[in-house]
Undergrad: 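Structure incoming, see below.
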Protein chains: 2
Amino acid sequence: MVKDMDIPDIVIRRLPIYARSLSYLASEGVTTVSSSELGSRIGVTAAQIRRDLSYFGEFGKQGKGYNVQFLLNQIRDILHLEQQWGVALVGIGHLGKAIVHYGGFKDKGFEIVALFDSDPSKIGSELDGHKVYHYSEIPQVVKEMGLEVAIVAVPARSAQEVVDLLVEADIKAILNYAPITVQVPPDVRTRNIDPVGALQSMTYYLDPEKNMTYRINNGRAF
Amino acid sequence: MVKDMDIPDIVIRRLPIYARSLSYLASEGVTTVSSSELGSRIGVTAAQIRRDLSYFGEFGKQGKGYNVQFLLNQIRDILHLEQQWGVALVGIGHLGKAIVHYGGFKDKGFEIVALFDSDPSKIGSELDGHKVYHYSEIPQVVKEMGLEVAIVAVPARSAQEVVDLLVEADIKAILNYAPITVQVPPDVRTRNIDPVGALQSMTYYLDPEKNMTYRINNGRAF
DNA sequence: ATATGTGAATTCATTCACAGCT
DNA sequence: AGCTGTGAATGAATTCACATAT
C-alpha cells in the first residue's frame, strides 16, 4: 500500500466504476477476476486498476487475480457504501420529481428523505411520503436530520443561493444538476451532472457536414 | 497558437463550461472579461484558461482581457455549436420520457428527432410529435436521417446491444445514461451520465458517523 | 497598470517491466 | 504459467513567471 497519504480524487472517482463492474460480475456468478479482465470490461488498463487498488491495500492473489465479492466489499467499505445515506433534495420541478420517482438512488444506498422548494403552492404538500419545506428551512431541517448529502435540482439562477443554505446546514456533498459552477468552501464536495456540456464536448469531434440531412429538413421533416 | 496538433480531450471538455459562463456574462451585459475573472467564476486558474484557449488561437487583448461575445462565438464555432444537431433517443421509459420532455436540449442545439424502444406496445405510437420505432430499425432510420448523435436511456442489460446498433448506424457521439461502460470503436465518442457514481465517489470523503440521525431512525422517521 | 500568450518548470497520472508469490 | 504490487520511467496536465502589448 502506498503511504497513508491522501489519495488522488481521480482514483476515488474510478472506484464506483470498478464496484459497478464487480457487482455485475458477482451477479453472473463469476468468483475471480484479473486486473486485465476487469480492465477490458471498463476500458482501462490492467496497470491502472492495480495501481489504483494499491493505494488502499493488497486485495489480490498473485497468479490468481481478485476475489470478486471480496474486492467489491473492500471498495464498498472504502467508499462508505455499507450504510444508507439520507439525502436532501432541493427543487421539485420536472427534474426534481423525476429524481424522486427514479428508484435507482435508493437501491444504491441513497434515500431521499427531505424535500425543499420555493414555490408557495408546493410548501407543506407531500411527495413520495415526505413533506415539502421552503428553502429557508434548509438549515434547520437538514441539521436536525444530520444529513451530509444533497441533490440540487433548481434553475441556474437559484442554485448558488440554495447551495449557500446547504453549506450553512453542514452538507458536505452536493450533486448539482443546475447548469452553473457553484462556489463552496474547501471542505464541501460537488459533482455536476451536465448532459448538455457532455454533448457539446462531443460535437467538437463530429463532422458538421454529415449533419446535413437533418439541416436540410430543418428539423421539421421528422 | 500551439501547433496544429490534436488537442487534449480534457481541454475540449472544459470548453462548454467556459461557453456557459461566457453566455451568463453576456446576458448580464458584461462585455469584457479577464482570464482571472472567468477563472474565479468557474473554479479554474487563469493560467489554465489562457493555456486552453491558446490551443485554438489568440482571442484576448493584452492589458484588456477577452471580449465576451467574441470569445463565446469562437468557442461555439470550435465546438460546432452554431448548428442544430439532430439526436436519436433510444429508450422511452421513465428516464427517456423525462429527457424528451426536458426542454433544455433543444435550446442548446440538440433536438431529439428520432425515438426508439423495444416495447411492442410503444412501437408506432407518437411521443412529442415523433413516431416510435423498434430498436431493429435504428440502422435504417438513423442513417436515412443522417444523425451523428444519440442518447441511450435503456436498462443496463440492453445498453450494449443498442450501442452496437447505433454504431452500425454510423452514430459517432453517444450520451449514455445506462449504468454500464459500453464498448465502441475508436472513432465513436461516449460520455456517461452517472449520478449514482458521482454520489458514491463523494461519500468517500464523508464522515459515516455524522450520518447518525438518519441511521438511528432507519429512514422511517422522516 | 494590467492582462495576454507561452517557453520552462513543476506536478500529477499513467504505463512499463519485473521481482516475487501461488 | 499466470498475475499481483510497485519502483522506475514515461507521458500528460498544470502552473510559474515573464517578455510583450495596450
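A note on names: the letters A, B, ... follow the listed sequences, proteins ahead of strands, and every chain is numbered from 1. Keep in mind that this is a model prediction, so the values were computed, not measured.
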Undergrad: Rounding to a whole Å, what distance do you find between Leu71(A):CG and dT4(D):P?
TA: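 Rounding to the nearest Å, CG of Leu71(A) and P of dT4(D) are 11 Å apart.
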Undergrad: Taking only N and O in the side chain of Ser35(B), is any of them less than 4.0 Å away from OP1 or OP2 of dA3(C)?
TA: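 Result: no.
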Undergrad: Within the distance-only criterion (no hydrogens, no angle test), does the side chain of Gln160(A) pair as donor or acceptor with the backbone N or O of Gln183(A) below 3.5 angstrom?
TA: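 A pair under 3.5 Å: yes.
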Undergrad: Round to a whole Å and report the spacing from CD1 of Ile7(A) to P of dC12(C).
TA: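 To the nearest whole Å, that distance equals 15 Å.
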Undergrad: Remember a base hit wins even if backbone is also touched, and classify Ile10(A) as base, sugar-phosphate or nothing at under 4.0 Å, heavy atoms.
TA: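 Contact class for Ile10(A): sugar-phosphate only.
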Undergrad: What nucleotide, of dG2(D), dG7(C), dC18(C), holds the atom closest to the side chain of Arg50(A)?
TA: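 It is dC18(C).
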Undergrad: Between C1' on dG5(C) and CD on Gln74(B), what's the gap in Å once rounded to a whole number?
TA: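 The answer, rounded to whole Å, is 16 Å.
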Undergrad: I need the CG-P distance between Asn67(A) and dT4(D), as an integer number of Å.
TA: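 About 13 Å, once rounded to whole Å.
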Undergrad: I want to verify a distance call: between dG5(D), dA13(C), dT4(D), whose nearest atom is closest to the Glu58(A) side chain?
TA: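 Shortest atom-to-atom distance from the side chain points to dG5(D).
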Undergrad: Looking at Asp9(B) and Arg191(B), does any basic side-chain N land under 4.0 Å from a carboxylate oxygen?
TA: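 Arg191(B) and Asp9(B): salt-bridged.
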Undergrad: Rounded to whole Å, please give me the gap between NZ in Lys61(B) and P in dT22(D).
TA: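 Result: 9 Å.
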Undergrad: Rounded to the nearest Å, what distance is computed from the CZ atom of residue Arg51(B) to the C1' atom of nucleotide dA17(D)?
TA: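 Taking CZ of Arg51(B) and C1' of dA17(D), I get 12 Å after rounding.
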Undergrad: It should be established whether Thr45(A) places a side-chain nitrogen or oxygen under 4.0 Å from OP1 or OP2 of nucleotide dT15(C).
TA: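 For Thr45(A), the contact criterion (side-chain N or O under 4.0 Å from OP1 or OP2 of dT15(C)) is met.
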Undergrad: Rounding to an integer number of Å, can you tell me how far Asp9(A) CG sits from dT14(D) C1'?
TA: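 Result: 16 Å.
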Undergrad: Gly63(A) or Gly60(A): which one's nearest nucleotide on DNA chain D is closer to the 5' end?
TA: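 The residue closer to the strand's 5' end, by nearest nucleotide, is Gly63(A).
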Undergrad: To the nearest 0.5 angstrom, please state how far the CD atom of Gln83(B) sits from the CH2 atom of Trp85(B).
TA: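 It is 4.5 Å, given to the nearest 0.5 Å.
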Undergrad: With nearest nucleotide decided by heavy atoms, which residue, Leu53(B) or Asp52(A), maps closer to the 5′ end of DNA chain C?
TA: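 Counting from the 5' end, the first nearest nucleotide belongs to Leu53(B).
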Undergrad: Between atom CG in Asp6(A) and atom P in dT11(C), what is the gap in whole Å?
TA: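 It is 15 Å, rounded to the nearest whole Å.
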Undergrad: Donor-acceptor pair under 3.5 Å: do we get one between Gln62(B)'s side chain and the base of dT4(C)?
TA: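 By the distance-only test, yes, there is a pair.
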Undergrad: Checking Asn176(B) side chain against Ile180(B) main chain: does a donor-acceptor pair fall under 3.5 Å?
TA: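 Yes: the side chain of Asn176(B) pairs with the backbone of Ile180(B).
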Undergrad: Within the structure, does a side-chain N or O atom of Gln48(B) lie under 4.0 Å from either OP1 or OP2 of dT14(D)?
TA: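 Gln48(B) to dT14(D) OP1/OP2: side-chain N or O found under 4.0 Å.
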Undergrad: When you get a sec, tell me which of dT6(C), dG20(C), dT15(C) is the closest nucleotide to the side chain of Ser54(B)?
TA: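 Selected nucleotide (nearest to the side chain): dT6(C).
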Undergrad: Taking NZ, NE, NH1 and NH2 as the nitrogens, is one of them in Arg41(A) or Glu28(A) under 4.0 Å from a carboxylate oxygen of the other?
TA: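 Judged by the 4.0 Å cut-off on N to carboxylate O distance, Arg41(A) and Glu28(A) do form a salt bridge.
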Undergrad: Below the 4.0 Å mark, does dG5(D) have OP1 or OP2 next to a side-chain nitrogen or oxygen of Tyr66(A)?
TA: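 So the side-chain polar atoms of Tyr66(A) do come within 4.0 Å of the phosphate oxygens OP1 or OP2 of dG5(D), strictly under.
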